[in-house]
Amino acid sequence: RIPVPIQNAAEEPRVLCIIQDTTSAKTVNERLTLNLPASTTLSRLYEDVSHKAGYVNGTFDLAWGNMPDMASLDHNSEMSLSESGFEPGGKKNFLHLTDKDGEQPQIASVTDSSGVDDSSQERFIGPLPRESTAGCSGDYSSPSYTYSSILSKSDTGYVGLVNQAMTCYLNSLLQTLFMTPEFRNALYNWEFEESEEDPVTSIPYQLQRLFVLLQTSKKRAIETTDVTRSFGWDSSEAWQQHDIQELCRVMFDALEQKWKQTEQADLINQLYQGKLKDYVHCLECGYESWRIDTYLDIPLVIRPFGASQAYGSVEEALQAFIQPETLDGPNQYFCERCKKKCDARKGLRFLHFPYLLTLQLKRFDFDYTTMHRIKLNDRMTFPEELDMSPFIDVEDEKSPQTESCTDSGAENEGSCHSDQMSNDFSTDDCVDEGICLDSTGSTERVLKPKVIILTTLHTDIFDYSWKLFSVMVHSGSAAGGHYYACIKSFSDGQWYSFNDQHVSKITQDDIRKTYGGSSGSRGYYSSAFASSTNAYMLIYRLKDPSRNAKYLAVDDFPEHIKSLVQKEKESEEQEKRQREIERNTCKIKLFCMHPVRMMMESKLEVHKDKSLREATEMAYKLMELEGIVPLDCCRLVKYDEFHEYLERSYEGEEDTLMGLLLGGVKSSYMFDLLLETRRPEQVFQPYKPGEVMVKVHVVDLKSEAIASPISVRAYLNQTITEFKQLIAQATGLSAETMRVVLERCYNDLRLLYVPNKTLKAEGFFRSNKVFVESSESSDHQVAFTDSVLWKLLDRHGNTIRLLVLLPEQSPGTLANRTQKVRGDSDVIFDGTKGNRKSVEAILEESTEKLKNLSLQQQQQGSSTSDSQKSSDASDFEHIESPTQEADSNSSLCVAADNRELENRIRASAGSSGGASSDQENHFACEERSDSEVNNDRSTSSVDSDILSSSHSSDTLCNADSGPIQLANGLDSHSITSSRRSKAHEGKKETWDTAEEDSGTDSEYDDNGKSKTEAQYLYFRAEPCSQEDTSWDAQKCLVVHVDKRITLAAFKLNVEPYVGVTSTQFKVFRVYANNQEFESVRLNETLSSFSDDNKITIRLGRALKKGEYRVKVYQLLVNEPEPCKFLVDTVFAKGMTVRQSKEELLPQLKEQCKLDISIDRVRLRKKTWKNPGTVFLDYHVYEEDISISSNWEVFLEVLNEPEKMKSMSELAILTRRWSPATMKLGPFQEVILESSSVEELKEKLSEMSSIPLENLEFAKGRGTFPCDISVLEIHQDLDWNPKVSTLNVWPLYICDDGAVVFYRDSTEEPMELSDDERNELMKKESSRLLKTGHRVSYSPRKEKALKIYLDGGPAKDPGQD
């Protein structure tokens, strides 16, 4: 299927990008916001960001904000945003703007835009401003505090407004008001009294401040946060886009409230308010009923309801606005004079037009076909000079007018109150919109008589002519978009585009581009193919030289405005100085090993001209060392926190400036600083560049202990011999017998013994970890991987500590149960007491016996080869198969109970934990079984090394003949173990997943041989203390185990502590969110586990090869909750459906008290809550029915024996709809032999007695049971589709379980009164909400636009 290209840009999904500029300390708290089409390429994204941020493209990188470790986005990629992982649909995509190659972005240079042609100027009109002109002030190396990085004002002389996130609609209206001389001058003449009101919550004062800054500031753009804060808005409002006309109405109402009892009390009405007459004229007697309404704007319809053609111009829409309609037929008007219903004419007449005429083009509508809001992009022209004389009722205007009106007796559909002429497409009736008064000021608003400007206006004196000066443009769809304003300046007559922080010159041609529409006419669908950028609000000013004002010059400002200008200028200068300080401040991470608080971290902010001595004193106070360590016992050194590496110290540079030491002021540094301390009697060790840090761990082979690290500094050009002598001085060991092992990365051991080889050649880096041993034992003579040292280090690197919770056992459970500890002796549980022996008792008995067995094993193996003896005598467990127990006396070699070794493992547990991935990060959001996560049947690299070690010369053990001696002559005898590195392990974890063809892995292969045989892997268990876990310590084990052990071997090892064989208990892994998932794949290792992971053991039969755990749910089609969980059971590969029923029914009888005949029960597919394919008795699992781990299945109890006999039949669930009673009948099943529509109708007709010709049906929508309101079902479903088979569009009924509604077409719907309908609607809403189904179409809830006059919304304590 070829995807249909998106032809309408308005319908294309958009991607919201939030970009944080991290290149400087000041801009790190700022955000750039882009709303781009999903088809935008990455290269175009970089262009847009460079234009918006003011940087030269190619001098910065973009990286994912929530995944900082990922590579930067490709500058030259032509992949679209949707293909690159960006999420459309209003979701926020966070990006970081970062330095490129360690250098800060270059700021765009200043160019002259006077010669820009029309094609390039078009960029200033669109929804995504791309500035071709950029300014740079001085030699600033970092962007300014606004979103734009350019400090200088636009060459137009006008200042932009910063978009807080989605406040473009606010910015457009504010710029329009600012560019209206009459409004601006009146606002300047109002004087704020600080004694009467808080300036923070005063809307007029904050608007006044904003206008002063717009007129006098030298910045390119200023913030609007102070204005929105005066509205009572919090930061969340910045993410709400509202309608600009709605904002205009609400803001004017708020200003009227604030200006009460002032000279400006009637300003809004004087400037923006007009009057019209809403009348009804009787056509029989000529009687006219009317009333006077006021308006602040005129809403003009783009396309009449049901029409295919839109109005072509504003004049045409205005004419349609006043065109009367005839009330006849059922809509007749009751005439007060005739005392009867008569034909009448109803309409509107304009009486007076305001000085500032506002026209709203109603581009947002509601599509009742799709039940979605839409935007009409049809072309509508508007003149630069609008003649309103054809629309004024001169006779009405000259006649005396009063505010009274006669009752018209007709509905107020044609009336045009200011309230009704607001956001007409808002369907949210239950949310109050508008201004929100405090409780003390909640008295009713009294409408005072308004002074109408045009009361003395007559056609014989003045023309009814208005000049266009503002076009507010919307670009996008009804779901969202971008606003900007095109405004004509009254000072120079030039048109400008005010697009958030970007202000640019435009031409009259650019204004004409906002008419909307497309080049050619496409009839009804013209809107779908039209440009989505078009005019939404128009503001005209009356041509009246006597009243047309000019902008108030700075010299003519009132005194209170002059003082405000001076105050804002000082504030701006202070901000500039602060910015200058910020620009010269070095900010770097600071660490300190505090004597009391251990390692502390902070940020040191120091001016670049401060000396190192001054910076040390600042760091000393910052780390609160006063009174603990003397200042002269502290120094700052260069530090690498990631590698814990001291790079260098600064001896003799105490007076050097920090800017020189740190390499200048940067947004981020590749290194940190450490405040190092010493005791008074100690001397600081100099750290020189080029040195490397080495952590030396001394190994004692006799006690098998690994000591804590000693730090040593070395040079990369030192030889191994020199390095050994350095270690000998630090540790006191003999350099002649010393063996040095480098751990280059996790679990990667390298023996260093070539004397003349340098540390650099051996792979040393900044920070390194080595193990040293200097005993006189014969362990030196054997190959490294056969040595005791290698095995001890290998165990040290791979042993993890697990917490195992043993199962609860009720009294009597263990009465006849014994546990054999694979040897000559048994551990017998005392069944008479009914209690299991404590963990300590089992450990004591089993360890003692296994010690003796270990000694016997060592004696029996004394005649074997040296390599075999080395393995047998080690502390690695040799797990024998249970089948061998019956045939031989071979025993288990277990780790000796060495207390020092236990202490050593406890000490190393913390370091091991750091090597493994954080389980909380990996599994916190898991909500499914391990077996569902990964069905990869291949064995990981580490597992293949362990399981197939006969092909490797450097692995831990050999399955057949033990470790093989290494050949002499290998280069430098450098042996690297084959285990994966830490980084590789984090990427490729082993999951407990079931194989695709078998529900789990058996503990034995096809020949009955144990898969765990001959693996020498460490295992040791000990009692758990209460400090180790929140679990009951009496039921908990602490297990130290080699994580390369398989799950099967692990289960065999914990058998003595569980009390049953490994086939009779299950292992559950406990994740960070305390969710438990069963681990079923026995041949997988524990490599995905890390230190202190938790395991729960539960009694129950473990799965055998080919078995699957299945959850059984009962299907109850006519119950409110049709899906009810019954039991967990086990199905096996090759089992028939009837056999599974036979095993399942006794379980249902015992656990669920369901006694069902096998012929009256049905199993069927379950897909979430939807019933699917019916499984017939002869079907075989894995052959006819696909099955997987943690499978779910429906069980259905039948009223009669199963009717379905063949897979060719189709089971349909049907439900009758009765319009006459407004009720739905119960579900009834229909079995069809084919997919014929005729057969379905015949069966339904036979079942319901509806004549075949009158029967209509429709497929249910959504998930089972496809609930729908009885008020909607009659018209919302696709009744009687014109198809002959069920398996084609629009039905697509191809499987069992589909829901079909049917009805009698001759049955008329019940007539409901309004009260009955409302009551039924409430009942249906309640019923459908309980079942979790939708009641009706409900668009995304929009937050009502409110301006709070009391400083903010009232907090409802009961509200979440």
Side-chain angles (χ1 to χ4, degrees), residues 697-707 720-721 723-724 727 733-744 747-755 757 762 770-799 854-855 857-878 893 895-896 898 900-901 904 945-946 949-979 1014-1018 1042 1044:
H697 295 262
V698 177
V699 180
D700 188 341
L701 291 183
K702 293 181 180 179
S703 63
E704 295 186 332
I706 299 178
I720 298 300
T721 301
F723 182 56
K724 286 184 178 181
I727 294 176
L733 300 177
S734 169
E736 287 73 21
T737 59
M738 183 182 295
R739 282 185 294 176
V740 181
V741 179
L742 170 66
E743 187 177 81
R744 292 187 298 183
N747 227 5
D748 184 358
L749 305 174
R750 185 184 186 95
L751 181 64
L752 311 178
Y753 76 104
V754 179
K757 208 167 185 180
E762 290 287 10
V770 300
F771 300 92
V772 297
E773 186 273 332
S774 184
S775 66
E776 299 285 345
S777 67
S778 59
D779 197 49
H780 288 245
Q781 276 69 48
V782 299
F784 177 50
T785 50
D786 294 336
S787 66
V788 175
L789 175 61
W790 186 88
K791 292 174 181 175
L792 183 61
L793 297 179
D794 177 80
R795 185 203 306 168
H796 169 76
N798 287 285
T799 299
S854 178
L855 293 173
Q857 176 71 13
Q858 291 179 29
Q859 292 169 2
Q860 291 170 4
S862 60
S863 60
T864 59
S865 65
D866 292 341
S867 61
Q868 185 66 47
K869 187 184 299 181
S870 172
S871 296
D872 290 341
S874 71
D875 286 332
F876 296 92
E877 180 177 1
H878 182 190
C893 181
N898 188 308
E900 292 183 41
L901 177 60
R904 197 268 307 165
D945 286 339
I946 297 169
S949 55
S950 58
H951 302 290
S952 174
S953 61
D954 57 353
T955 51
L956 174 61
C957 58
N958 187 289
D960 299 322
S961 58
I964 300 173
Q965 290 286 351
L966 294 168
N968 295 328
L970 290 178
D971 179 34
S972 77
H973 272 74
S974 172
I975 305 302
T976 304
S977 74
S978 61
R979 294 178 308 281
Q1015 294 190 29
Y1016 299 90
L1017 297 173
Y1018 181 76
D1042 192 313
R1044 295 166 296 186

Do the side chains of [Y] and [X] get nearer than 4.5 Å, heavy atoms only?
{"X": "Ile706", "Y": "Leu793", "answer": "yes"}
{"X": "Val741", "Y": "Phe784", "answer": "yes"}
{"X": "Val740", "Y": "Ile720", "answer": "no"}

What's the spacing between [X] [atom1] and [Y] [atom2] if we round to 0.5 Å?
{"X": "Phe771", "Y": "Leu749", "atom1": "CZ", "atom2": "CG", "result": "7.0 Å"}
{"X": "Arg750", "Y": "Arg744", "atom1": "CZ", "atom2": "CZ", "result": "4.5 Å"}
{"X": "Leu1017", "Y": "Asn798", "atom1": "CG", "atom2": "CG", "result": "9.0 Å"}
{"X": "Leu789", "Y": "His780", "atom1": "CG", "atom2": "NE2", "result": "8.5 Å"}
{"X": "Tyr1018", "Y": "Arg1044", "atom1": "OH", "atom2": "CZ", "result": "13.5 Å"}
{"X": "Arg739", "Y": "Leu751", "atom1": "CZ", "atom2": "CG", "result": "7.5 Å"}

Qualifying residues under side chain to side chain contact (heavy atoms under 4.5 Å, CB included), relative to Thr721, sequence neighbours excluded: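 Thr719, Gln725, Pro755.
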Shortest non-hydrogen contact from Leu733 toward Ser774: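 Answer, listing the atom of Leu733 first, then Ser774: CB-CB, 3.9 Å.
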Counterpart residues, side chain to side chain donor-acceptor pair (under 3.5 Å), relative to Glu776 (two or more places apart):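 Checked Glu776 against side chain to side chain donor-acceptor pair (under 3.5 Å); zero matches.
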Sequence-distant partners of Ser775, side chain to side chain donor-acceptor pair (under 3.5 Å), two or more places apart: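 Once residues adjacent in sequence are excluded, the partners of Ser775 under the side chain to side chain donor-acceptor pair (under 3.5 Å) criterion are Glu773, Ser777.
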